[in-house]
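Just below is one structure, and these are the notes that go with it.
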Amino acid sequence: MSFNAVIVEKDEEGKTSASVKSINESDLPEGNVTIAVEYSTVNYKDGLCIGPGGGLVRNYPHVPGIDFAGTVEASDDDRYKPGDKVVLTGWRVGEAHWGGYAQKARVNADWLVPLPEGLTTRQAMAVGTAGFTAMLAVMALEKQGMKKGAGPVLVTGAAGGVGSVATAILSNLGYEVAGVTGRPETSDYLKSLGATQIVPREEINETTKRPLEKETWAGCIDAVGGDMMARVLGQMQYGASVAAVGLAGGAALPATVIPFLLRGVNILGIDSVMQPYENRVEAWKRVATDLPLDKLEDMVVPATLEDLPKLGKDILKGQVKGRVVVDVNA
Ligand code: NDP
């Protein structure tokens, strides 16, 4: 039985191209669970894997899609049986292993998580790696002592995927949220998600010679990195933490150590790809309870497999707002 998939091919000159093609189940990679995919999504990393690869894709032809949710069709693993609803994020699926931009996927059972109670497969993909990572960041900040009522929590890259979900979760939990955006036209959207303050990107994306500025932020979820994160470190309140999630603005960190030494500021590294199973289950449970589903719906941009080559380019240019949900069967 053939089915549709986004296939990325590489020509002799090393140029990649992505298009929807029909493939067979026998084309799928090895794995002990086969899933009828229902929904996938678009993360920044997907943009790299749909396009030039960014060093993430090992072999071509390749099926990208770092996240998917669907129903188990066949399983050689005791933990899953046909009919079970499952979610997959991370484990280098969609990079080193074929991913979710197809009507079927075959993976290792260790990489799956049962669909959390209270979420549909579509909602799980509206969350996706971006939202799951936002939840991990909130959990890490709380563990490190972030408290409500201590002042605004800064979310950088706020109108993007991680930023949108982080804003909605923090606001729903009762935190005051300040969202940094380079797109002023997203202000109303960010306010609808719960941001009470909008910080224009240009106010905060350049380094300053002053290593310490006014103690402003009670916490920060940073999807941008680079100069912006370096600047934010000097604006954190005493003892507060920055959850380092992304590098949309750059991987270098041109900072001084002064905020760590004089204000006890912390950087908490957040990785979603290799998170142990127990943490994944815990984070998904928290997503289902802490993220208001009406706000999640407001973030959704619906798409099909055919839309993915363009969406991959858009997300690399920072032009995707909120969370794309790909109906792979549409
Ligand atoms: P998006 O593209 O959806 O969001 C990124 C946002 O960052 C953009 O929407 C934009 O927000 C802002 N931005 C883009 N370019 C720049 C720039 N040059 N300078 C300042 N701000 C910029 O991506 P995601 O939300 O999916 O991912 C965000 C980051 O997090 C990526 O770097 C991604 O690789 C990383 N990530 C890491 C994970 C992990 O496990 N650690 C998991 C998931 C993502 P605005 O328009 O509001 O300014």
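Along the sequence shown, residues carry numbers from 1. Counting convention: from 1, in listed order, for ligands and their atoms alike.
- The protein heavy atom nearest to atom 36 (N) of ligand 1 is Val245 O, 3.7 Å.
- Looking at atom 34 (O) of ligand 1, its nearest protein heavy atom turns out to be Tyr44 CD2, 3.7 Å.
- Scanning the protein for heavy atoms near atom 15 (N) of ligand 1, the closest one is Ala248 O, 3.5 Å.
- Considering both main-chain and side-chain atoms, Lys45 never comes within under 3.5 Å of ligand 1 through any nitrogen or oxygen pair.
- Contacts classified as ring-ring contact (aromatic ring centres under 6.0 Å, His included) and involving residues 304-325 (residues at least two apart or in different chains) are not found.
- Here the protein heavy atom with the shortest distance to atom 47 (O) of ligand 1 is Thr181 OG1, 2.7 Å.
- For atom 32 (O) of ligand 1, the closest non-hydrogen atom on the protein side is Leu247 N, 2.9 Å.
- Contact check on Lys191 versus Asp188 returns no salt bridge, with no Lys/Arg side-chain nitrogen under 4.0 Å from an Asp/Glu carboxylate oxygen.
- Relative to atom 22 (C) of ligand 1, the option among Met274, Glu202, Arg201, Lys317 with the closest non-hydrogen atom is Arg201.
- Using a 4.0 Å cut-off to heavy atoms of Gly249, the atoms of ligand 1 that qualify are 17 (C), 18 (N), 19 (N).
- The side-chain contact (heavy atoms from CB on, under 4.5 Å) test with Val232 singles out one residue from Ile204, Val265, Val224, and that residue is Ile204.
- In summary, the atoms of ligand 1 found under 4.0 Å from a heavy atom of Thr129, numbered by their order in the structure, are 42 (C), 43 (C).
- At the top of the distance list for atom 2 (O) of ligand 1, counting protein heavy atoms only, stands Ile315 CG1, 3.4 Å.
- Counting only N and O atoms by type, the side chains of Asp67 and Thr129 include a donor and acceptor under 3.5 Å apart.
- Considering Leu112, Val72, Leu115, Val33 in turn, Val72 is the only one that fulfils the side-chain contact (heavy atoms from CB on, under 4.5 Å) rule with Asp84.
- Summary of contacts: the protein heavy atom closest to atom 11 (O) of ligand 1 is Gly157 CA, 3.4 Å.
- Atoms of ligand 1 found under 4.0 Å from any heavy atom of Ile270 (numbered from 1 in listed order, with element): 39 (C), 40 (O), 41 (N).
- Those atoms of ligand 1 with a heavy atom of Asp271 less than 4.0 angstrom away are 40 (O).
- Summary of contacts: the protein heavy atom closest to atom 27 (O) of ligand 1 is Val162 CG2, 3.8 Å.
- Within the 4.5 Å cutoff, no side-chain heavy atoms of Val325 are placed close to those of Thr41.
- In summary, Arg231 and Glu203 do not engage in a salt bridge, as defined by a charged side-chain N under 4.0 Å from a carboxylate O.
- Taking every non-hydrogen atom of Gly161 and a distance limit under 4.0 Å, the qualifying atoms of ligand 1 come out as 1 (P), 3 (O), 4 (O), 25 (O).
- Side chain to side chain, Asp227 and Thr207 fail the donor-acceptor criterion of an N or O pair below 3.5 Å.
- Proximity of Met236 to Cys220: side-chain heavy atoms (C-beta onward) are separated by under 4.5 Å at one or more points.
- Side-chain atoms of Tyr189 and Ser164 form a donor-acceptor pair, as typed in the model, at a separation below 3.5 Å.
- With a 4.0 Å cut-off on non-hydrogen atoms, Val224 touches ligand 1 through its side chain and not its backbone.
- Ligand 1 has a nitrogen or oxygen under 3.5 angstrom from a nitrogen or oxygen of Gly182.
- Salt-bridge formation is detected for the pair Arg79/Asp110: a Lys NZ or Arg NE/NH1/NH2 atom is positioned less than 4.0 Å from an Asp or Glu carboxylate oxygen.
- The atoms of ligand 1 that sit less than 4.0 Å from any heavy atom of Ala159 are 47 (O).
- When heavy-atom distances to ligand 1 are checked against a 4.0 Å cut-off, Ser272 comes that close through both its backbone and its side chain.
- Between Trp111 and His97, the ring planes are perpendicular. Angles over 60° get that label, and only those under 30° would be called parallel.
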